[in-house]
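Shown next, in structure tokens, is the structure this report addresses.
Any value given below was found using the heavy atoms of this structure, including those in side chains, with hydrogens, waters and symmetry copies removed. Within every chain, numbering begins at 1; the chains are lettered A, B, ... in the order of the sequence lines, protein sequences first and strands thereafter.
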Amino acid sequence: MNKNIEISSIFERIADILELKGENIFKVKAYRKAARIFLEMTDDILSVWKNGKISSIEGIGKSMAEKIDEYMSTGHIRKYSELLAAVPESLLDMLKIQNLGPRTLLIAHEKLGIKDINDLERVIANGQLAAIPGLGDKKVENIKLGIELYKTGKDRISVGLALPVVEDIMVSVSKVSVRSSLAGSIRRMRETIGDVDILAVSNDSASVIDAIVNYPLVKNITARGETKASVIIETYNLQVDLRVVSEGSYGAALQYFTGSAAHNVKLRGLAKDMDLKINEYGVFRGDENIAGRTEEEVYKILNLAWIPPELREDRGEIEAAMHGTLPMLVETGDIQGDIHTHSTYSDGINDIRTIALAAKERGYRYIGICDHSRTSRIAGGMDEEKLKARNEEIDEVQSGIKGIKILKGIEVDILSEGQLDYPDRVLEKLDFVIAAIHQGFSKNAGMRMKKAMENPYVDIIAHPTGRLLSGRRGYELDIEEIIEYAAEKNVALEINSHFDRLDLNDANILKGRAKGARFLISTDLHKIDMFESISLGVGMARRGWLEKKDVLNTYAWEDVPLRRRI
DNA sequence: GCCGTTTTCGGCCCGACTGTTTTCAGTCG
């Protein structure tokens with residue numbers, strides 16, 4: 001499966017070079033599209049190639065098929081090598097700098113000989129860049145800002161970090177608008193977001209624009225027009241783009257600004273085939289605006305069912321909407337209980353009773369207390385004695401609380417040889433067992449995880465890749481293989497809702513779904529105010545096309561299709 | 001570079017904002 005990633009990154013790089021060289025932008029887009037296809041497709045490109053089916057993939061034509069042929073048989077692509085030789089790689093990385101596009105970068109390279117970011121900063125400082133015709137002080141100022149943002153790192157942050165920040169901005173916007181909504185990747189619930197898009201309806205767009213540029217945390221105003229403004233706020237250097245439209249265009253604008261780009265391109269192509277034109281103001285036949293008040297209207301006029309934002313990635317959702325086969329996506333309200341929670345018996349903040357009452361308050365029908373096993377000492381892992389005491393306390397708390405079932409679970413460590421941290425006689429007495437790797441990420445992680453799944457008491461694998469969005473790479477294993485094995489052994493895969501994990505993510509959930517795997521959505525909470533974050537996991541599940549039936553904890557506890565019951 | 005029961009050539013989604021321009025290119029989403 002690594003071949004998918006390899007070829008995807010090569011094509012992405014080819015696109016970078018072609019773009020920099022000022023090649024036809026549609027050729028560049030064709031390569032970027034292909035890169036995305038290979039990255040996201042659930043099939044292994046190697047086996048597709050072996051079956052001679054590469055050129056039957058939509059978007060892959062003769063030229064790209066030949067390049068893949070060459071790569072598979074020789075290990076390299078001649079054209080790629082030639083392109084690489086023509087452009088310093090350090091230059092390509094600079095394409096990520098905001099406000100510095102390929103045109104300007106190429107001119108700076110050709111006229112001033114810049115090769116990397118240090119060179120760029122030098123020609124900015126000595127005024128050479130601003131002296132180039134077509135540029136000027138203001139443009140260079142914006143490029144400087146782009147460099148600053150680029151250097152402070154992370155161009156994308158977890159959607160779970162962004163949402164609480166954005167909530168407060170939305171309060172300011174909603175005060176001065178008739179209607180407002182998040183749009184863009186944050187509405188689609190992508191695991192990470194690069195900026196925040198907000199759409200507002202108002203007859204007085206100036207006051208909405210004022211509200212955003214005067215928002216207390218704004219540190220830069222990068223654009224300020226009559227209907228659109230763009231600011232950067234202190235928190236995470238987050239860029240916030242606001243657009244104001246009239247009531248009649250709300251649906252068209254919301255559709256447009258929610259994206260994704262790939263989804264919109266395909267949608268607009270469909271419209272074109274019907275002699276219609278879609279823009280953010282509506283759907284037009286000639287000059288007549290025939291739809292656009294709601295998103296439903298926009299989709300309906302194209303003979304499509306309304307598509308939930310989480311699906312809008314051009315992964316087959318438009319075809320499904322055409323044929324009436326969109327999935328009935330799982331919703332936060334479907335969740336009947338959270339079974340990955342930590343109490344004071346390991347590294348949680350709250351006691352069992354507090355957790356149970358908070359869960360009941362949320363309307364859950366069951367709650368699973370799932371502390372760490374003994375080897376996770378740093379996380380307060382329990383020895384057998386402590387586990388016994390915890391289970392007794394669960395019984396005691398349960399006897400005082402009606403209306404919610406408190407379950408005895410464990411997050412058991414997968415040890416160095418794949419054995420579990422407790423013997424089977426301990427595991428079998430628990431209501432459920434979640435197994436996880438917490439140490440030795442690079443030591444046979446795949447083998448160990450598979451061995452753990454062979455234990456009949458293991459119901460679920462927690463955070464299956466171990467990656468953290470803040471930067472940790474995760475376990476060294478072949479996740480495809482793990483997903484397939486889990487599906488085969490009826491072990492469920494966790495969708496961990498912690499903002500830094502979101503593990504599994506959408507791409508892996510899609511792969512699991514294709515293999516018939518089951519999933520658990522949980523918070524992995526260590527304090528009760530994290531119960532809310534379940535919606536992040538649900539968001540990932542929805543992006544992975546999951547329905548209620550695919551998710552264990554949408555069932556009443558007696559009906560949860562745990563492995564031991566199947 | 002890809003694609004095509006109107007096309008094998010000529011399209012490829014569409015528009016706002018900015019800055020440096022005397023009408024538009026570059027960048028962004």
Side-chain angles (χ1 to χ4, degrees), chain A residues 11 14-15 17-19 22-35 37 54-68 79 95-108 130-143 145-146 149 155 183-188 193-199 205 209 213 221-232 239-245 249 252-253 255-284 298 302 314:
Chain A
F11 278 24
I14 291 176
I17 301 170
L18 293 177
E19 183 171 24
E23 264 279 6
N24 182 334
I25 192 66
F26 297 104
K27 190 193 267 195
V28 174
K29 285 181 176 184
Y31 274 107
R32 290 210 198 286
K33 185 179 173 188
I37 289 169
I54 289 289
S55 31
S56 57
I57 301 170
E58 194 192 327
I60 310 303
K62 187 158 170 282
S63 166
M64 292 195 203
E66 280 172 8
K67 290 188 177 66
I68 290 166
K79 166 149 181 191
L95 283 169
K96 291 201 187 78
I97 298 172
Q98 275 194 45
N99 305 322
L100 175 68
R103 306 296 309 152
T104 311
L105 189 54
L106 184 65
I107 291 169
I132 288 178
L135 292 172
D137 288 340
K138 290 245 179 128
K139 282 205 168 182
V140 171
E141 270 309 304
N142 282 332
I143 293 170
L145 176 66
L149 293 173
D155 44 355
S185 54
I186 202 166
R187 181 168 180 241
R188 301 200 313 277
I193 58 143
D195 57 25
V196 175
D197 295 298
I198 298 174
L199 179 69
S205 63
I209 300 288
V213 299
I221 301 169
T222 48
R224 179 182 193 167
E226 285 182 14
T227 63
K228 184 178 163 178
S230 190
V231 300
I232 290 165
Q239 178 173 325
V240 181
D241 296 330
L242 171 75
R243 186 68 186 268
V244 189
V245 296
S249 297
Q255 195 291 314
Y256 181 73
F257 291 111
T258 297
S260 64
H263 176 89
N264 283 2
V265 165
K266 186 166 266 189
L267 212 62
R268 264 141 234 274
L270 276 186
K272 221 179 167 73
D273 293 343
M274 298 169 68
D275 277 326
L276 300 173
K277 184 180 78 168
I278 309 180
N279 59 27
E280 58 263 58
Y281 302 112
V283 182
F284 292 83
V298 174
L302 301 172
D314 188 22

Discussion item. Rounded to whole Å, please give me the gap between CD1 in A:Ile25 and C1' in B:dC13.
Written reply: 13 Å

Practice prompt. In whole angstrom, give the distance that lies between atom CD of A:Gln255 and atom C1' of B:dC14.
Written response: 12 Å

Worksheet item: Are more than 12 heavy atoms from other residues, nucleotides or ligands located less than 6.0 Å from atom NZ of A:Lys138?
Response: no

Item to complete: For A:Asp137, look at atom CG and say whether over 12 heavy atoms of other residues, nucleotides or ligands are found less than 6.0 Å away.
Response: no

For [X], report the nucleic acid contact type (base, sugar-phosphate, nothing); a contact means any heavy atom under 4.0 Å.
X	value
A:Asn24	base
A:Gln239	sugar-phosphate
A:Ile60	sugar-phosphate
A:Ile278	sugar-phosphate

For [N] and [M], measure between their [atom1] atoms and round to the nearest Å.
N	M	atom1	answer
B:dT6	B:dG1	P	28 Å
B:dT20	B:dG26	C1'	11 Å
B:dC12	B:dT7	C1'	13 Å
B:dG10	B:dA16	P	30 Å
B:dT18	B:dC13	P	26 Å
B:dT21	B:dT27	P	15 Å

Worksheet item: Do A:Phe11 and A:Ile68 touch side chain to side chain, with heavy atoms closer than 4.5 Å?
Response: yes

Choose from [options] the nucleotide whose nearest atom is closest to any side-chain atom of [X].
X	options	value
A:Asp197	B:dT27, B:dG29, B:dG1	B:dG29
A:Thr104	B:dG26, B:dC2, B:dA16	B:dG26
A:Arg224	B:dG19, B:dT18, B:dG1	B:dT18
A:Lys277	B:dG1, B:dG29, B:dG15	B:dG15
A:Ala223	B:dG26, B:dG1, B:dC17	B:dC17
A:Phe26	B:dC3, B:dG1, B:dG26	B:dG1
A:Thr227	B:dG19, B:dC12, B:dC17	B:dC17
A:Lys272	B:dC12, B:dG1, B:dC13	B:dC12

Fill in: Upstream residue (5' side of DNA chain B) when A:Gly61 and A:Ile132 are each assigned their closest nucleotide
A:Gly61

Worksheet entry | Position toward the 5' end of DNA chain B (nearest nucleotide), A:Ile107 or A:Lys62 | A:Lys62

Discussion item. How close do A:Asn264 and A:Tyr256 get, counting heavy atoms only, and between which atoms?
Written reply: ND2-O, 2.9 Å

Response to the item:
Tightest non-hydrogen contact, residues A:Ile209 and A:Lys228, listed as CD1-N, 3.6 Å

Worksheet item: Can you check side-chain hydrogen bond (donor to acceptor under 3.5 Å, both in side chains) on A:Ser205 and A:Thr227, steps first, answer last?
Response: CA-CA 6 Å; A:Ser205 63; A:Thr227 63; over 6 Å; no

Worksheet item: Hey, mind stepping through A:Gln239 and A:Thr222 against side-chain hydrogen bond (donor to acceptor under 3.5 Å, both in side chains) and telling me if it holds?
Response: CA-CA 9 Å; A:Gln239 178 173 325; A:Thr222 48; 5.1 Å; no

Worksheet item: For B:dG29, what is the paired nucleotide under Watson-Crick or G-U wobble rules, both distances under 3.5 Å?
Response: B:dC14

Response to the item:
Within residues 259-268 of chain A, the residues having a heavy atom closer than 4.0 Å to DNA chain B are A:Val265, A:Arg268

Worksheet item: Can you find a side chain N or O atom of A:Lys228 that sits less than 4.0 Å from OP1 or OP2 on B:dT18?
Response: no

Practice prompt. Establish whether the base of B:dG29 is bridged to the side chain of A:Tyr256 by a donor-acceptor pair shorter than 3.5 Å.
Written response: yes

Practice prompt. Take A:Leu276 and A:Lys272 through the side chain to side chain contact (heavy atoms under 4.5 Å, CB included) test and state the conclusion after the steps.
Written response: CA-CA 5 Å; A:Leu276 300 173; A:Lys272 221 179 167 73; over 6 Å; no

